[in-house]
Amino acid sequence: EGKYVLIDFFYTDCSPCIGAIPALREIYETYGCNTQELVQLSINYGEPENVLFNYYYDYDPAQPLVSGTEGNGNMVRELYSIPAYPTVILIAPDRSIINQDIFPVSPENLDFALNYQAGIEPPTDGCLTVLNTTSTSSLLDQIKISPNPSSGPFHLTGESTHRQQVEIVVYDLLAQPVDQRIMELMIGSFDQTLDLTGLPSGAYLLSWQVDGQQPEYRQIQIHR
């Protein structure tokens, strides 16, 4: 509610769909990683979650994936009468369709639809800026989150150079916070458990904020 939505309709053996992943990833990061005005996701047709997990590991898409079967992607595809793949559509907050087929799927065409047709400005503190930070106090690009996907418990391991407080927020596909906690890190090695067994299966975005600095983001998957 209140968000623009960019939907990529795809299936896993579709070569043009795979070819569109870099452009979709660039836009996902530039426009805030689903934490700003835009929510971006890929909806699959005809395939179960286990096939999507293989696709995720093979091609590393940034945006969340919704399966055709367990995620009801098949039903959404029928509602929108998608004729070909990939089909990328842009929906306004009032649920009207701004662009029903952004093609070819390139950063330029996607940005034109978002910036000029929808009037969305890329955030200055968006995900792309955060992920490229070289701050020495940043840990998220150095720690390991495992297993990922997980059935619920995630282990966060790494090295902390000084005592610090970390705020962790987990967001769902609609960029709504579903879990929030504070983690205290001492100097040296750490192995912290993030238990998300109460959340349903699916893709989430983990926000990691150290001592009030700019947050960083990492996609995690819960699979049971």
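Note that these values count all heavy atoms, side chains included, but never hydrogens, waters or copies made by symmetry. Predicted model, so just to flag it, every value in this text is computed and none were measured.
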Between S160 and L185, the two heavy atoms sitting closest are OG-CB, 4.0 Å
With the 4.5 Å side-chain cut-off for hydrophobic clustering, are F53 and V66 part of the same group? no
Distance-only, no hydrogens or angles: does the N44 side chain make a donor-acceptor pair with backbone N or O of G68 under 3.5 Å? yes
Hey, does I43 have a side-chain heavy atom less than 4.5 Å from the side chain of R77? no
Nearest heavy atoms of Q219 and P61, plus distance in Å: OE1-O, 3.7 Å
Please report the closest heavy-atom contact between T30 and E26, naming both atoms and the distance. OG1-O, 2.7 Å
Testing the basics here: between L114 and A118, what is the closest heavy-atom pair and its distance to 0.1 Å? O-CB, 3.3 Å
Rounding to 0.5 Å, atoms CZ (F112) and CG (N99) come to a distance of 8.5 Å
Please say which of P104, S42, C14 ends up in a side-chain contact (heavy atoms from CB on, under 4.5 Å) with P86. C14
Heavy atoms of E159 and G188 approach each other most closely as OE1-C, 3.4 Å
So if you build clusters from Ile, Leu, Val, Met, Phe, Trp, Tyr with side-chain heavy-atom gaps below 4.5 Å, do L79 and I82 land together? yes
Are the side chains of Y80 and I91 in contact, using a 4.5 Å heavy-atom criterion? yes
Under the 3.5 angstrom rule, does the side chain of N34 hit a backbone N or O of Q40 as a donor-acceptor pair? yes
Enter the distance from L6:CG to L110:CG here, rounded to the nearest 0.5 Å. 6.0 Å
Trace of the side-chain contact (heavy atoms from CB on, under 4.5 Å) decision for L194 with L206: CA-CA 11 Å; L194 179 63; L206 183 149; 3.4 Å; yes
Report the distance from atom CD1 of I27 to atom CD of E108, rounding to the nearest 0.5 Å. 8.5 Å
Residues Y4, V39; criterion side-chain contact (heavy atoms from CB on, under 4.5 Å); working and verdict: CA-CA 6 Å; Y4 291 88; V39 173; over 6 Å; no
Does the side chain of T69 come within less than 4.5 Å of E47's, by heavy atoms? no
Is Q36 close to I120 at the side-chain level, that is, under 4.5 Å between some pair of heavy atoms? no
Backbone N or O of E49 within a donor-acceptor pair of the E70 side chain at under 3.5 Å? yes
Any sub-3.5 Å donor-acceptor pair from S96's side-chain atoms to A92's backbone N or O? no
Could you go step by step and tell me if E78 and Y45 meet the side-chain contact (heavy atoms from CB on, under 4.5 Å) rule? CA-CA 9 Å; E78 296 299 329; Y45 176 64; 4.1 Å; yes
N/O donor-acceptor pair under 3.5 Å between N109 side chain and I102 backbone: no
Treating Ile, Leu, Val, Met, Phe, Trp and Tyr as nodes and any side-chain heavy-atom pair under 4.5 angstrom as an edge, say whether V51 and I18 lie in one connected cluster. no
Find the distance between CH2 (W208) and CD (E216) and round it off to the nearest 0.5 Å. 9.0 Å
Picking from Y55, Y59, Y85, what satisfies ring pair (Phe, Tyr, Trp, His ring centres under 6.0 Å) with F10? Y55
Could you check whether T197 and D195, counting side-chain N and O atoms only, form a donor-acceptor pair closer than 3.5 Å? yes
Does the side chain of V105 reach to within under 4.5 Å of the side chain of D8, using non-hydrogen atoms? no
Distance in Å, L196 CG paired with S150 OG, rounded so as to fall on 0.5 Å steps: 8.0 Å
Looking at CG of L24 and CD of Q63, how far apart are the two atoms once the value is rounded to the nearest 0.5 Å? 5.0 Å
Can you name the nearest heavy-atom pair linking P48 to S67, along with the distance? C-CB, 4.0 Å
Quick one: do Y56 and Q221 satisfy side-chain contact (heavy atoms from CB on, under 4.5 Å)? Show the steps, please. CA-CA 10 Å; Y56 175 81; Q221 295 268 354; 4.0 Å; yes
Are more than 12 heavy atoms, taken from residues, nucleotides or ligands other than Q100, located less than 6.0 Å from that residue's CD atom? no
Taking the side chain as C-beta and beyond, is there a heavy-atom pair between D179 and Y204 under 4.5 Å? no
